[in-house]
Structure formats: C-alpha cells, structure tokens
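Reminder, nothing fancy here: chain letters follow the sequence lines and each chain counts from 1. This is a predicted model, so every value here is computed, not measured.
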Amino acid sequence: MTDLLHDARVSRGQFLRMMGGLAAAAFATACSTRPQTSTPSGGGQATTELKFIGVSDQKAPMDQLVAAYQKAKPSVRITASYAPTDQVQTSVRTQLGAGNAPDLHVVYPGSGSAMSMSQIAEAGLLADLSAQAWTRSIPEGFKPAFQLDGKTYIHSAGSSVIGAVYNKKAFEQAGVEAPPTTWSEFLSVCDRLKKAGLVPIALGAQTPWVTQLITYALVPSTVYAKDPTFDDKQLAGQTSFAQSGWREAMEMYLELQKRGFFNDNPNGTTFEQQTSMVATGKAAMAVQVSAVLPDFRKAASSPDDLSMFPLPGAGDAASVWIPAGVVVGLGAAAKGANVEEAKAFIDFLGKQENINAWAKAIAAIPLVQDASSTIDPAVESFLPFTKDRAVPFMDQRWPNAEVQPVHFAVIQELLAGESTIDEALRKMDEAYQK
Amino acid sequence: MTPLTASRARPARASRRRFSVTSPPWLFAAPALVVYAVVVLYPAVSGVVYAFTDWSGIGEDMSFVGLAQFRTLLGDEQAMGSIGNTLLLTVTIVVVQNAVGLLLALGVHARLKSRALLRVVFFAPVVVSPVMVAFLWKYIYNPDPSSGLNGLLGLRVDWLGDPSVALWSIAGMVVWQYAGYSMVIFLAGLEGVAPELHEAAMIDGAGTWQRFRYVTWPLLAPAVTINVMLSTIGGLKLFDQVFAATNGGPGYATETLSTVLYKQAFVFGKYGYSTAIALVLALFVAAVSLVQVYYFRNREVAA
C-alpha cells in the first residue's frame, strides 16, 4: 500500500491527518443524532411513536389502516417501512437478535421460516395476544398458524389460495369455455392453448418462491385428500416426502414440462416476466397465490380479463383439494418500550371491519366473515373448497426453515434436468429431519 | 472524543521534534483507529465466539458445542460445493478481470484524443452499486431469444437459468463491472514508468512487444500485486451480485461461500454455524492474501 500512497503524492503524514479528521467528523455526527421515541405534541399530550417493519405485500392494507388508526387514536403515530421479503428477513432478524426490534413487525404464520411465528415466539420475542377478543374466532384449522402452545402470537387478516391465474381472453381465443375440473381436463386445456399458439402456463422459476407453487397446488389432492393427517404422521416420523403423494405431484409437475406446457427456460424467467406474460395474454395462465392478483391486474391493460380457478390435482373432481394458507401477518415485540400500545394497534386490526379492509386490499378471504365482508370475484370458485377440502400451505407445518429453500432448489434442478425425483425427495426428507 | 482532546493537550515540544524529523506521531491516527476498533474489530472478534455455539440468532437459548459446527461444515455437501464454485469464480475473475483491465489501461495510456473520456467510460461501472449492476444484467441476460444479449448476438442461451452457464454469466457481470477498477490501478503503474527507459530500449532496438515484456511489465509488478490481491479477495467474498442475480440458483449451481453463510444465518436461523463458515472464510482469505503478497513482492523490481 505504501507504494500506492507514494505514487499518489500523499505522504503518510498527510494521509494519517486526513483519516484522523474524517474519523473525528464521523464521530461527531454519530454523537449528535439521538433517537427520539417520545415527543410532546401540540396539545401538550405525549405522542407515542410505534415503528413497524413489514414486507411489500403488506403496504397497501397497512397504509390504509394506519391512517384509520391515526384518526381513531391521534396520540399514537405509527411509522411503517417496507422491503422485499429477503431484506426484511435479514434486517428484522438482526434487530431481534440484537434486542432492538421494532415495536411491530412482519411475522410469518406457522413454523417453516426463520421469521415464522413459532420460531420467534419460542425465543420469547413475541407478545402474547391471547387476551384480545378477535383471537377467539380463529377457525380451528388455522390455529397451528396462529398459536404456539395454545397462545396466539400473530395477527393475520385471512387466507389466500393457490390456483391458476388465467387470462379469460386467452382461453376464449383457444375456444376453451370453462376452467377444467380434473387433471385430464387440465392437460387437454393446456393442449388446446398450445395449439392456439399460446404458452399454456407461464413459469417464473428464477424467482425462488415461485418454484414451489405448482407442487403446493397439487399436493393437497395427491397427499392430503388421501390422508388429512399427513402432517402429524410426518412430524412423528411415520411417513416422508418420498413415501407419499409428493412423488406423484412432482411427476405431474414434470409432465407439464415434458409436454411443453411451460415457457422456454423457466429457470431464467422471473416472477415479473411471468406476470407480464399472463397479463398481456402471451401466456394463458400461471399457477400463483391469490395475494399477487393485484400485481397481475396492475400489469394488465384490462384487469377484468384476469381470474382464477383451483388447479385440479386429481382425476375426479370430487377428490380435488386446494391449498389455502394464512397470509403473512404481524406481531408485537415482547421486549419493546411500547408493548401495550403495539398490542392495542393489533387489537384494532382484529376488528371485523379492519379484517375486511385488509383482506379486500390483497384479494384474500377474510379470517372471519360478516355481512359486510367482500370476497374478490376471482377467488369465488375456491369458496366451496375452504370448508373441508383445503389445507394450509405446506411449509406452515414444517419443523424448520430449511425444507422450503431445499424445495426451491430441487425444483430448479429438476426443471434443468439435472436431478431426479428420487434425489429431490431425498434431499427434502434430509432437510426435514435436521 | 477522548483521543482528540488528548492529542491536542499533549505538550507540543516533544512531538514537534519527532514530527519535523521523520513522520507525524501515530497518535494522529488514533481517532481513526479507535473508530475502526469499535466499529470493525470489536464486533468481528466478539462474533467469533458464536462459531462455537448453536445460537439461532435470536433469543437467549445458546449452548457451547465446541468444534461441532466445523465438523458439520466438513460434511456439508452444499457448503463444500459452494467452495468449488467460489474458487472457480475467483480464478476466472482474477485472470479475466486483470487481463481486460491491463488491455484497457494500455489502450487508454496511448496518445488517443478521447482517452480522458474513455477512462471515465471504462471506470463508470465501478461506481454503480453491485446490486444495481446485477439487476441491470438480469435484463441483459433475459433468456428470450429476441431481447438482451441473446437478441444482440443472435443466441438462445438461458444465461442465468442454465446451471452449466449461470456461474460464467455471473463472472462476466463481475468482470464487466470491475475491469475498470483494475484499469485505473494499472494506469497508475504505467504513469510511473519513466519514458527514458522506453527511449533507451528503443535505441537498443526493442520492438513494441519487447518493450512491454522487458520494460513495462516488470515495472508494473506493484500494480499487479495490488490488483491480483484485491480481485482475489473480491472473488472469494463475492455476495451481492450472486444474491441479486440468482440467489445461488438454479438449484445450487451458483452458491458461493458467502451466500451459503448468509442463508445459514438469516434464512435457516443457524447463526452459530454461519459464524463458523464466516470464520473459515476469513482465515482462508487472509492466508491466500498473505501468500500472494509474499510471492508477488518477491518479484517486484525497482525502476
């Protein structure tokens, strides 16, 4: 390094003085900024500031409800910031680890991710919400997503479904009148779409979370319809991915690829490209989660052309099951300075009209419904299933955060022709047992 | 603030004498060193402890597990595979980036009219954030035959989606961004080669190649040392570009040691294991850099 310095005609003395000055300046700036948590407001009344960090999908409903809360309770001000899932996962986990978590933050339902309710609650970092009235109406089937040892730690406004988002115009163009209701019908619809010169199914498998959606859409029919207690048996070590209908679901996934129903190079295609292919009618459908319907609609010139239908994963319509998972929610930090105020905001979110508003903003099915609840017409075809033929998203019951990323990776390997279904299921089973 | 006041309060006589004779007192560096120690050294060293625990990253549940994390690393096929990827990427980047950088430097060192402009153009990608570069290149690497690089070259390559191509696509992206950086360092080296040496060589009848081989190249040795070392370190700890472009995929095809340790800490919640990987990476980078500096310093010559 000294050679460089000499070349640049800066002596060591000058350099050291420069660095010293720089450090002193940095130090002075650092000392002068002091975090402000409570500031007196105009009326002489103390204002509590709550900080919320969430994922981008939460922005639309939160903006609306934070504004409403501001009106209802002017003494509390909530500042919200949003980022994509990966970044939030990094920053919020770091803050949780360092003991300076925001008052309110995103929490994933169930147990299968590093920011999931069980993993954070187990570490004692989430406030117990069980005393709030809305928690008493959580439907039985959703309890594992909300609760750990009988206590509720997360608020979520409802559930979303996974199915085929399709472009009605494209279906008309290929002469397909009604969405398919069995697997063989689905294959023949794809065939007709392909013959009409369209990409039947857009797949953006370069975006990791997109890879899982087709398997998620199929396993309710190939696994849970046959054995609704599969999760419990798998947790008890009595069964595994390799021994179950997961194999069939992966075979079906690859059959779609073998028949040329996907776009070219799915591994090089992103979620954004997938969205625009369907929105512009270049592709007829995409298997997606209903929470991203707003993205598809935004990209389409006539949003009403887009709708959804359940992906039929079984040979007979009566044994088709669907995935319906609790949408990403939020929790209150157990060790913050404003725990009570943070919990009060969650209680506010738990009111029926607010559950309705949140659900509406993300095209979800409200957690509990009343006369004023609205359900997005695109997901209406899923409602007959939600009673007794729906299962939560698979990862919500997985025991650790490793299974899901392994699932992403093996699907990419399968699509690239670099692996076999046996190998893929073996890797998933290994991750499950860790 | 203490170091500053201390240095000012120090009796001027004693230090002035030393100052005027050789170099300023090291005390002037103290503020910077204190900040460096507090912000970089202390956290880094205190983090090492976690490599010997099973901490999840959150909560207070933690027990000492000795060297268990390091044993896991040896048996972890994914982490081991990522070491292979990291080494391949590093070697490719070191060789290609410096070769391109040297050619660019020789080019813009010549008496071209537009050389000032060209220097700026070639250096420009360096100042862009690596994540932005990766996002831009995702468009360039669009697999669609009619757009991006495929459209330009008339190819049908799935740049980031084909496991056998993805790693090289990332290397290309990194070289594109940092060749200008190597260029600047080589350029500084070239400016330091005295024109008299070239004149003398020309009088002795040396051609262009001979002058490069026997005059320029040996005198560029310090620049080569710095460039090779910096690009090696950059390659070994490559993260941003991979994370933004492929996130380690497709499958595990572009996973590097840095993306694996990131995932272990923040996706899988295995902070202890991740720290163990980070420690191994840090020691490895330090060892490689030391060996390189030692080797290259030995072949440096004075003009």
Would you check if [X] and [Y] make a side-chain contact, meaning some heavy-atom pair closer than 4.5 Å?
| X | Y | answer |
| --- | --- | --- |
| B/Leu190 | B/Leu220 | yes |
| A/Val55 | A/Tyr108 | yes |
| B/Thr256 | B/Phe239 | no |
| A/Leu415 | A/Leu203 | yes |

Most heavy-atom pairs under 4.5 angstrom with chain A, which of [options]?
| options | result |
| --- | --- |
| B/Tyr262, B/Trp159, B/Tyr271 | B/Tyr262 |
| B/Lys270, B/Glu255, B/Lys263 | B/Lys270 |
| B/Pro145, B/Pro143, B/Pro250, B/Gly251 | B/Gly251 |
| B/Asp158, B/Val267, B/Asp162 | B/Asp158 |
| B/Arg156, B/Lys138, B/Gln78 | B/Lys138 |

- prompt: Between B/Trp168 and B/Tyr141, is the gap from one ring center to the other below 6.0 Å?
  reply: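 Ring centroids of B/Trp168 and B/Tyr141 are no less than 6.0 Å from each other.
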Is chain A contacted by the side chain of [X], its backbone, both, or neither, given a heavy-atom distance below 4.5 Å?
| X | answer |
| --- | --- |
| B/Thr225 | neither |
| B/Asn247 | side chain |
| B/Ala265 | backbone |

query: For the residue pair A/Trp246 and A/Trp398, does the interplanar ring angle fall in the parallel (under 30°), tilted (30 to 60°) or perpendicular (over 60°) class?
result: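 Geometry flag for A/Trp398 against A/Trp246: tilted rings.
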If we ignore angles and hydrogens, is there a donor and acceptor under 3.5 Å between the side chains of A/Thr215 and A/His407?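 Side-chain D/A pair, A/Thr215 to A/His407: present.
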Select one option (side chain, backbone, both, neither) describing which atoms of [X] are under 4.5 Å from chain B's heavy atoms.
| X | value |
| --- | --- |
| A/Leu125 | side chain |
| A/Glu418 | side chain |
| A/Ile120 | both |
| A/Asn265 | both |
| A/Thr270 | side chain |
| A/Gln404 | neither |

Could you have a look at A/Gly124, A/Gly99, A/Pro405 and say which one has the most heavy-atom pairs with chain B under 4.5 angstrom?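 Result: the option with the highest number of such pairs is A/Pro405.
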* Asked: With no hydrogens and no angle check, is any side-chain donor or acceptor of A/Gln89 less than 3.5 Å from a backbone partner on A/Ala114?
  ->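 Checked: no pair found.
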- Check against side-chain hydrogen bond (donor to acceptor under 3.5 Å, both in side chains), B/Asp76 and B/Tyr273: CA-CA 11 Å; B/Asp76 184 342; B/Tyr273 183 45; 2.7 Å; yes
**Message:** Is it true that, when you exclude A/Lys434 itself, more than 12 heavy atoms of the residues, nucleotides or ligands shown sit nearer than 6.0 Å to its NZ?
**Reply:**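 Above 12, so yes.
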